[in-house]
Structures are given as C-alpha cells and as structure tokens.
Amino acid sequence: MKKKYILLVFCFFVTMISYAQTLKGIVLDEKTKEPLFGVSIYFDGTTNGTATDGSGKFKITYKSSTKSALVVSYLGYETQLFDVRKLQNGVQIYLKQKPQSLGTVFLDNDPWSRQKKMRIFKREFLGTSVDHYLCRIMNLDDIDLTYNPRTQKLNAYCEKPIIIKNKYLGYTVEYTMEEFEADLRLTTKGDVLTRSVYAEGSSFYREINERVRRRHRKTREIEYGQSVLYFMRSLSKKQLRQNGFQIFHKGFIVPPYKYFNITKIGDDTKVILTAERLTIVYDRKYKSFMTILEDNKAFTINKFGNYSPPRKISFGGVLGDKRIANTLPLDYNLE
C-alpha cells in the first residue's frame with residue numbers, strides 16, 4: 001500500500017509539470033537593435049501577460065493547452081502575433097516602428113460633433129445590454145473618430161490601448177484596436193440605425209478584484225454560453241447538442257449538422273454552410289441567427305475558436321448584439 005501511494009503521487013507530479021511551460025526572450029527595435037522596455041506581452045484575449053524589463057527581456061509561463069496567439073504590443077510600433085509553439089527559448093523579437101500617420105482625410109466634411117460620434121461609438125463598441133456605469137472607457141480622449149456622410153460610416157482610431165473598466169464581468173481590459181467601422185443608416189426622422197459593426201484588435205484582461213466575486217462568476221457563466229466563440233468551438237468539435245445549442249431552419253428544428261459540412265484540416269476546421277440562414281437557440285431560450293450572403297459559404301474555424309474571414313458571417317439576435325462589455329477572456333473556463 002505504501003509503494004502504491006508513492007507511485008500515484010509521483011505520477012501526478014509529472015503530469016502537472018508537463019503542462020507548465022515557460023518562454024523567455026528579448027524584444028528589440030528592428031532598426032536600432034536596441035532593447036525595448038515595457039513592451040506588453042500577453043496571450044490574446046486572456047488574463048496571462050507580462051512586460052519586458054529594462055534589458056528588453058521577458059518571461060511568460062503558460063499551459064500547453066493554451067490556444068491563444070501571443071501578442072507583442074508597444075506604443076508607436078506595429079503589433080505582432082505569434083504561435084507560441086513555434087517560438088524557442090531565447091527568441092529575439094524585432095518590432096518595427098509605425099510610419100508617421102497624418103490621420104484619415106475625407107473629401108466630405110464631417111458634419112457630426114465629437115459628442116455625437118462618441119455616443120454612437122460607445123453604443124456599438126461597448127454595447128447596450130450592460131449599464132454604462134458598469135462598463136466604462138477610461139481614456140476617451142485618446143480615441144479619434146471620423147464620420148463620412150457619403151458612405152455613412154463611422155471609423156475609430158486609437159494609438160494607445162483602450163482601457164475598459166468592466167464592473168459587470170469584473171475585468172479591466174486593455175484593447176489594442178487595429179480597426180473599427182460602424183456601417184450606419186440615417187432615417188428620415190434623424191435616428192441613427194446600425195447595419196453592421198466590425199472591430200479588430202487584441203485584448204488583455206486583468207481581474208479587478210483579488211478574489212472573483214460571486215456575482216461576477218454568475219455573469220461570466222451566462223455570457224460565455226451566449227458567445228460566438230462558444231458556438232464556434234462547439235461547432236468545430238461537433239458538440240452543439242452537448243453544449244446546449246439547437247439549430248432551426250425555416251422555423252423547424254433540424255439535426256445540428258444537417259446544414260454544416262465540416263472538415264478537419266490540421267488544427268483548423270473548414271465549414272461550409274449549405275443554407276442561406278439558420279436560427280441558433282442556446283439553452284432553449286436565447287435566439288440568434290447566422291447568415292452568409294455570399295455564394296461561397298465556406299469559412300474556417302482555427303484552433304483558437306476564431307473564425308475567418310471575420311466579415312463574412314452575419315449574426316443577429318443574441319449573438320449579434322454582443323459587444324466588448326459582454327466579452328470574456330479566451331482562457332475562461334478552458335481548464
């Protein structure tokens with residue numbers, strides 16, 4: 001009995017250390033080859049991150065099951081993303097300075113005040129399902145906004161990470177925005193309606209409190225189940241039914257994969273939607289729909305659970321209404 005006990009403890013210890021890995025490296029200026037201090041290094045959309053020291057060096061520990069891209073981000077430099085599995089200890093990462101930007105110039109005059117543009121931006125970036133006092137942008141002055149009356153599109157730009165304090169989910173989020181565009185339509189009454197919103201960027205999450213509060217645990221569980229990411233991961237693994245999703249076509253429930261042709265290609269999953277529009281119901285009450293208006297209805301879900309091309313699929317209903325205020329880190333509930 002004593003020998004068996006020792007053996008079990010030893011096996012457990014080996015399993016634990018096999019899942020913990022550490023990457024060490026240095027970040028340098030591509031042109032001068034000088035080390036860069038304070039570079040943010042994190043796994044995209046997660047709570048796992050660090051920064052370079054005065055010598056440009058960094059060390060980050062992660063689990064072998066981590067599926068997120070490693071982001072290297074620094075103010076004034078182009079952001080780089082890596083597959084951590086392809087990096088070796090001692091890696092040298094060279095960042096390229098961004099070219100001097102003169103800003104975006106439109107031939108049409110921008111008729112909207114900054115206050116109006118900011119109100120619409122916050123509505124479409126943060127969302128409306130969470131009270132504004134529970135999810136706030138802390139550095140609004142760093143965000144530039146332009147509206148083109150000819151195309152009726154609102155664009156946002158920010159050289160610095162956007163800092164979001166989300167008391168609804170219990171996170172502070174640093175969002176490095178690469179692109180934001182809201183395609184709008186104005187009614188004859190002057191109302192501003194939204195046709196579509198596209199946002200692209202990387203994010204790093206920090207817990208607001210040292211210990212996660214009960215209410216945050218509850219809201220996180222709800223939001224994860226209602227996320228596009230959870231749906232795409234369930235679809236790629238063919239776990240829609242097990243994870244609480246039902247698929248409807250023209251008002252009738254159908255077998256979950258009747259209108260999805262799914263093929264594994266290495267770490268990725270190729271999906272072809274064979275219907276123009278499907279209704280998705282989660283937990284028997286949260287209703288959404290997805291559609292691809294193009295003739296080519298193929299898309300890819302990568303090993304992180306993200307789909308591409310990102311603009312190809314249109315979501316409506318619950319999934320279509322989700323914004324950054326509802327978004328969880330990618331390492332939530334993935335142990």
Side-chain angles (χ1 to χ4, degrees), residues 45 79 101-130 132 135 137 140 142-159 161-162 164 173 175-203 223 226-229 231-232 271 273 275-280 286-301 306-327:
T79 299
S101 175
L102 297 178
T104 301
V105 179
F106 292 117
L107 296 178
D108 306 274
N109 292 326
D110 186 343
W112 284 359
S113 66
R114 175 175 172 81
Q115 183 180 13
K116 181 175 182 178
K117 289 182 288 190
M118 183 59 73
R119 183 173 66 251
I120 296 171
F121 170 74
K122 288 193 292 185
R123 181 187 77 188
E124 300 304 334
F125 182 66
L126 296 177
T128 58
S129 63
V130 177
H132 65 89
C135 188
I137 297 174
L140 290 174
D142 292 330
I143 302 172
D144 293 322
L145 300 164
T146 57
Y147 172 69
N148 186 335
R150 180 174 54 84
T151 62
Q152 299 188 56
K153 291 183 178 180
L154 176 71
N155 294 89
Y157 312 88
C158 194
E159 290 293 324
I162 298 175
I164 304 151
V173 185
Y175 185 85
T176 302
M177 187 166 63
E178 301 295 336
E179 184 178 354
F180 177 90
E181 181 180 277
D183 188 1
L184 307 171
R185 286 294 177 268
L186 275 64
T187 68
T188 55
K189 295 181 179 180
D191 297 326
V192 181
L193 306 179
T194 305
R195 293 189 63 189
S196 64
V197 176
Y198 178 76
E200 181 179 342
S202 57
S203 53
E223 292 297 343
Q226 299 176 25
S227 67
V228 172
L229 185 69
F231 171 75
M232 286 295 175
V271 182
L273 180 65
E276 184 172 311
R277 176 186 171 116
L278 292 177
T279 299
I280 303 163
Y286 300 106
K287 186 177 180 180
S288 308
F289 69 83
M290 69 176 292
T291 183
I292 299 178
L293 299 179
E294 301 176 13
D295 292 335
N296 179 5
K297 299 186 184 299
F299 61 95
T300 301
I301 306 172
N306 295 315
Y307 67 92
S308 62
R311 292 186 184 231
K312 192 168 192 174
I313 304 175
S314 176
F315 286 100
V318 173
L319 293 180
D321 291 339
K322 298 299 180 182
R323 297 292 190 269
I324 197 72
N326 310 100
T327 304

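All values below come from the heavy atoms of this structure, side chains included, with hydrogens, waters and symmetry mates left out.
Not a single donor-acceptor pair under 3.5 Å links the side chain of Tyr175 to the backbone N or O of Ile164. Between the side chain of Lys297 and the backbone N or O of Thr291 there is no donor-acceptor pair closer than 3.5 Å. Between the side chain of Lys312 and the main chain of Ala298, a donor-acceptor pair closer than 3.5 Å is present.
Between Asn109 and Pro149, the shortest heavy-atom distance links the atoms O-CG, 3.4 Å.
Side-chain contact check for Tyr157 versus Thr146: some heavy-atom pair is nearer than 4.5 Å. Under the 4.5 Å side-chain criterion, counting only non-hydrogen atoms from C-beta, Lys122 is in contact with Leu140. Counting heavy atoms from C-beta outward, Arg123 and Thr194 have side chains that approach closer than 4.5 Å. Considering only heavy atoms from C-beta on, Arg195 stays 4.5 Å or farther from Leu184 through its side chain. No side-chain heavy atom of Asn148 sits under 4.5 Å from any side-chain heavy atom of Asp110.
A salt bridge (Lys or Arg N to Asp or Glu O under 4.0 Å) check over residues 177-194, counting only residues at least two apart or in different chains, returns the pairs Lys153-Glu181, Glu179-Arg311, Glu181-Arg311, Asp183-Arg185. For residues 314-327, the side chain to side chain donor-acceptor pair (under 3.5 Å) pairs, not counting sequence neighbours, are Glu124-Arg323, Ser129-Asn326, Glu223-Lys322, Glu223-Asn326, Gln226-Lys322.
A donor-acceptor pair shorter than 3.5 Å can be found between the side chains of Tyr198 and Glu200.
With respect to Met118, the side-chain contact (heavy atoms from CB on, under 4.5 Å) criterion is satisfied by exactly one of Lys116, Gln115, Arg114: Arg114.
Of the inter-residue distances, the one linking Ile162 atom CD1 with Ile324 atom CD1 reads 9.0 Å to the nearest 0.5 angstrom. Residue Glu276 holds its CD atom at 9.5 Å from CG of Asp295, rounded to the nearest 0.5 Å. Taken to the nearest 0.5 Å, the OH atom of Tyr307 stands 5.5 Å off from the CD1 atom of Ile313.
Under the rule for a ring-ring contact (aromatic ring centres under 6.0 Å, His included), the partners of Phe121 that lie at least two apart in sequence or sit in another chain are Phe125, Phe180.
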